[in-house]
Amino acid sequence: MTANVAVETTPEAPLWNDPAQPVAARVDALIGAMTLQEKIAQLYGVWVGASDNGGEVAPHQHDMEEAVDLDALLPDGLGQLTRPFGTAPVDPALGALSLMRTQARIASANRFGIPAVAHEECLAGFAAWGATAYPVPLSWGATFDPELVRRMAAAIGADMRSVGVHQGLAPVLDVVRDARWGRVEETIGEDPYLVGTIGTAYVQGLESAGIVATLKHFVGYSASRAGRNLAPAPMGARERADVLLPPFEMAVREGGARSVMHAYNDIDGVPAAADETLLTGLLRDTWGFEGTVVADYFGIAFLKTLHGVAGDWAGAAGTALTAGVDIELPTVKTFGAPLAEAVAEGRVPEAVIDRALRRVLGQKAMLGLLDPDWSPVPPALDGADLDDPDALRGTVDLDRPGNRELAREIAERAVVLLTNDGTLPLTRPRRIALVGPNADEPTAVLGCYSFPLHVGVHHPGTPVGIDLPTLRDTLAAEFPDAEITVARGTGVDDGDTAGIADAVAAARDADVVVAVLGDRAGLFGRGTSGEGCDAESLALPGAQQHLLDTLLDSGRPVVTVLLSGRPYALGRAVTESAAIVQSFFPGVAGTGAIAGVLSGRTAPSGRLPVSVPSGPGAQPTTYLGARLAQLSEVSNIDPTPAFGFGHGLTYTTFAWSDLAVDAEEAATDGEFGLALTVRNTGDRAGTEVVQLYLHDPVASVVQPVQRLVGYTRVPLEPGEARRIRVAVPADVASFTGRDGHRIVEPGRLELRLAASSTDTRLTATVTLTGPERRVDHTRRFHAAFTEEPAPQG
């Protein structure tokens, strides 16, 4: 097997193969040499699956599309390969070999020797068989720890790059607006600042590994009416600008993301894939984004079939291209023959194709795919015997100990202790009743975009590929002297109550009951959480609340543990459970993290990235509500959450004191300086998360009662104190004014230093002075936190 496929280098080698030349010059030269068909071929992907014996990939037959003939397509070239690892289970080494051979075929089949960009899902780890399944993004948000998420993304990116992948379809920067939406598990939370900072850290980590990060879904997908998937997103321009767009702004400007995926939804009748003001006017002309815009899968065809803004495939292609979509994914539909015909008929200018092509080829040039020494051999196969696939099997490890250790650290920091009457940590219990549908279920820790649940469920004879200890396994290891009785009680959503009597009997014979409830992740109705698994209400699925209430009546202390993809109303358990532990699909190390919190081996330090509702029907609501969204005397519905955004307990206590304000006034282009002392007043180590909220009492447009503008984690030993300083730029007080421009207004503000959105500890009242000031996407996003040891005594 030839290990190197390279463009022949001669004194007359074309300009586009010369890496010493500017990228723009190389791309222009290449475009000038291409036929229309060759240009179009770079603007679509083909959905493939790697071969399980190391042969070339085979086209994936999706039920929404016709079969693809690679022999007919490849002489013109190919833009992307869709999910070669994430389509069917394949040994990673053989998948890499299969991709390598396919890239060699692609490059040799077209006149210019151009390979394809291979993309994969990486929402909670590289979505490949045998790869580490990390906690889902909602758990990233619960850590309030961007640096940890950055490290995770770098590890994910390194694994992807090692086997020949170039682009990752993550992170999801949608801000939760309605927790009934099935894809809440894929989001980072309900606050745009938290989503922006954590998401940007993920982008930075992925890009540091050489992987093109793809921001999704741009924009409005999570704001659908009634939380339904792929539904209209009714909102005003101000909600879009102040809640949904800031995470994308931050990830483009500070993260360096090189790709954006359009959303499926329409806003006020304009689908995102057809919105030129969004994809070109805002994203490119205003923000200066220079990367590629890719279609969400089948999204361009949806302009005809679902949105009705195009009458045929050519119309859909022209509309998307004109709006600013560069690449059709997952496979060729509208950007193939229909687009070529539209150009021939004069319906689509060739210049629009050239515009998209310039971005696509520019990215390929930056990835080294146009260089004369490009090789299809990925780092994982460098030096291997490529002619002996059997010898390669098992040689690429995508679930290394270092990965699992990182997954453990994230899972532990993401566990949120909601309540505790002192029962936790458990002290050498003799008898534990472990009850509930997720007590002994290995996949209960996985989200819907994990490989085992996204793809593996379609291959029931194939091993999961990774070790997934159940909570039964990890509790047995955590409490080796305890007698653990397991009773399922009921299923996640089957409504079966026949096993509840056995569960209650086990509870009455135990010292403590651990009730493990929550979700089953899946796709399109096959689960209770995940894409297409929207909820009618936020009641626990099935008969789980009935099981929980019955256990609460048993007379034994009940520790409620939730393995879920969204927050749920817990009824009586909010006040009657001995403790409540929330974990959002925490990945391969999740049950060990939970067991460590239950035993006290680790101290919980997670904070809620989404509010937990008091009742199942008070939706949609997030903590970002304005005054009219709060409890009032003129409505019988109380939207007050059981546990607010940012809430989380630990096994020690903290005192906040000595607030100092450098100056109570600052100009609208200035900043405020604050300082406070946080002391661990308990007898064990713990981490406090200092959160800074802004309250604007009087503004020219209605504002949320408060919103997060900064946060920091503060680990403290018993008795230790730290002095926390915060520089708060006036820019963080900006919002979209009545004329549609983002402004900083003069006036009084409250800067609330808080342990959560419902637990303010210290408040500084300050005033912005001077003229109203207009700001844009280059504004300062962050309140800067620094720490120093506090005076003792």
Side-chain angles (χ1 to χ4, degrees), residues 5-10 12-46 68-81 102-118 166-167 212 259 290-295 300 314 317-318 320-322 324-329 331-374 376:
V5 175
V7 178
E8 182 179 357
T9 303
T10 70
E12 294 78 30
L15 177 65
W16 55 81
N17 290 139
D18 186 355
Q21 298 297 321
V23 168
R26 297 171 69 189
V27 168
D28 284 344
L30 183 52
I31 291 175
M34 284 178 149
T35 67
L36 176 63
Q37 295 289 352
E38 288 169 333
K39 292 177 180 181
I40 291 174
Q42 293 295 320
L43 304 185
Y44 56 71
V46 171
V68 170
D69 184 352
L70 282 180
D71 289 331
L73 290 179
L74 292 188
D76 289 324
L78 182 63
Q80 293 219 1
L81 287 167
T102 301
Q103 289 281 41
R105 176 186 174 190
I106 293 168
S108 63
N110 69 82
R111 290 194 300 140
F112 307 103
I114 306 173
V117 167
H166 307 99
Q167 182 168 355
V212 175
S259 186
E290 296 180 346
T292 56
V293 173
V294 302
I300 298 175
L321 269 173
T322 300
V325 181
D326 302 315
I327 303 169
E328 181 175 30
L329 297 180
T331 195
V332 57
K333 177 70 172 182
T334 72
F335 274 20
L339 180 56
E341 293 168 6
V343 174
E345 295 169 359
R347 297 171 61 188
V348 176
E350 190 168 348
V352 178
I353 292 173
D354 289 350
R355 183 182 68 170
L357 181 61
R358 189 165 284 106
R359 298 161 185 159
V360 169
L361 292 179
Q363 200 156 89
K364 286 194 173 186
M366 288 185 283
L367 289 167
L369 302 184
L370 303 185
D371 292 353
D373 60 351
W374 170 81

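Positions are given from 1, in the same order as the sequence printed here. Predicted, not measured: the structure shown is a model, and the values here were computed from it.
For residues 359-368, the salt bridge (Lys or Arg N to Asp or Glu O under 4.0 Å) pairs, not counting sequence neighbours, are D326-R359.
The distance from atom CD1 of I31 to atom CH2 of W16, rounded to the nearest 0.5 Å, is 11.5 Å. Atoms CG and CD1, from L357 and I40 in turn, are 10.0 Å apart once rounded to the nearest 0.5 Å.
The environment of Q21 atom CD is dense: over 12 non-hydrogen atoms of other residues, nucleotides or ligands sit within 6.0 angstrom.
Listed by chain and residue number, Q80, T214, S259 satisfy the side chain to side chain donor-acceptor pair (under 3.5 Å) test with Q167 (two or more places apart in sequence, or in another chain). With sequence neighbours left out, the side-chain contact (heavy atoms from CB on, under 4.5 Å) criterion links A24 to no other residue. For A337, the side-chain contact (heavy atoms from CB on, under 4.5 Å) criterion is met by E341, not counting sequence neighbours. In this view, D18 satisfies the salt bridge (Lys or Arg N to Asp or Glu O under 4.0 Å) rule with no residue, not counting sequence neighbours. Among residues two or more places apart in sequence or in another chain, the salt bridge (Lys or Arg N to Asp or Glu O under 4.0 Å) test is passed with D71 by R105. Contacts of A295 classified as side-chain contact (heavy atoms from CB on, under 4.5 Å), with partners at least two apart in sequence or in another chain: H262, I300, V325. Remark: P19 engages R26, D371, P372 in a side-chain contact (heavy atoms from CB on, under 4.5 Å) (not counting sequence neighbours). In this view, T102 satisfies the side chain to side chain donor-acceptor pair (under 3.5 Å) rule with no residue, not counting sequence neighbours. Contacts of K39 classified as salt bridge (Lys or Arg N to Asp or Glu O under 4.0 Å), with partners at least two apart in sequence or in another chain: E350, D354.
Smallest separation of non-hydrogen atoms from V23 and M366: CG2-CG, 4.3 Å. Nearest heavy atoms, I106 versus P115: CG2-CA, 4.1 Å.
A heavy-atom distance below 4.5 Å is not found between the side chains of T331 and L329. Between N110 and L74, every side-chain heavy-atom pair lies at or beyond the 4.5 Å cut-off. Side chains of L43 and I353 form a contact here, defined as non-hydrogen atoms less than 4.5 Å apart. Side-chain atoms of K333 and Y44, non-hydrogen and from C-beta on, never get closer than 4.5 Å to each other. Using a 4.5 Å heavy-atom threshold, the side chains of I114 and L30 count as touching.
A donor-acceptor pair under 3.5 Å is formed between the side chain of E328 and the backbone N or O of F335. H166 contributes no side-chain N or O that, together with a main-chain N or O of V117, makes up a donor-acceptor pair within less than 3.5 Å. Side-chain N or O atoms of E38 include one that pairs as donor or acceptor with a backbone N or O of T35 at under 3.5 Å. Without hydrogens or angle criteria, Q103 side chain to A116 main chain gives a donor-acceptor distance under 3.5 Å.
With respect to D76 and R111, no salt bridge is recorded, no charged nitrogen being found less than 4.0 Å from a carboxylate O.
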Evaluate the side chain to side chain contact (heavy atoms under 4.5 Å, CB included) criterion for residues L339 and L321: first the C-alpha distance (whole Å), next the side-chain angles of each, then the deciding distance (0.1 Å), finally the verdict. CA-CA 10 Å; L339 180 56; L321 269 173; 3.6 Å; yes
Derivation and outcome, side chain to side chain contact (heavy atoms under 4.5 Å, CB included), residues V46 and L78: CA-CA 8 Å; V46 171; L78 182 63; 3.5 Å; yes
Result block: side-chain N/O donor-acceptor pairs under 3.5 angstrom for residues 342-349, not counting sequence neighbours:
unit_1 : atom_1 : unit_2 : atom_2 : d
R347   : NH1    : D312   : OD2    : 3.2
R347   : NH2    : D312   : OD1    : 3.0
R347   : NH2    : D312   : OD2    : 3.3

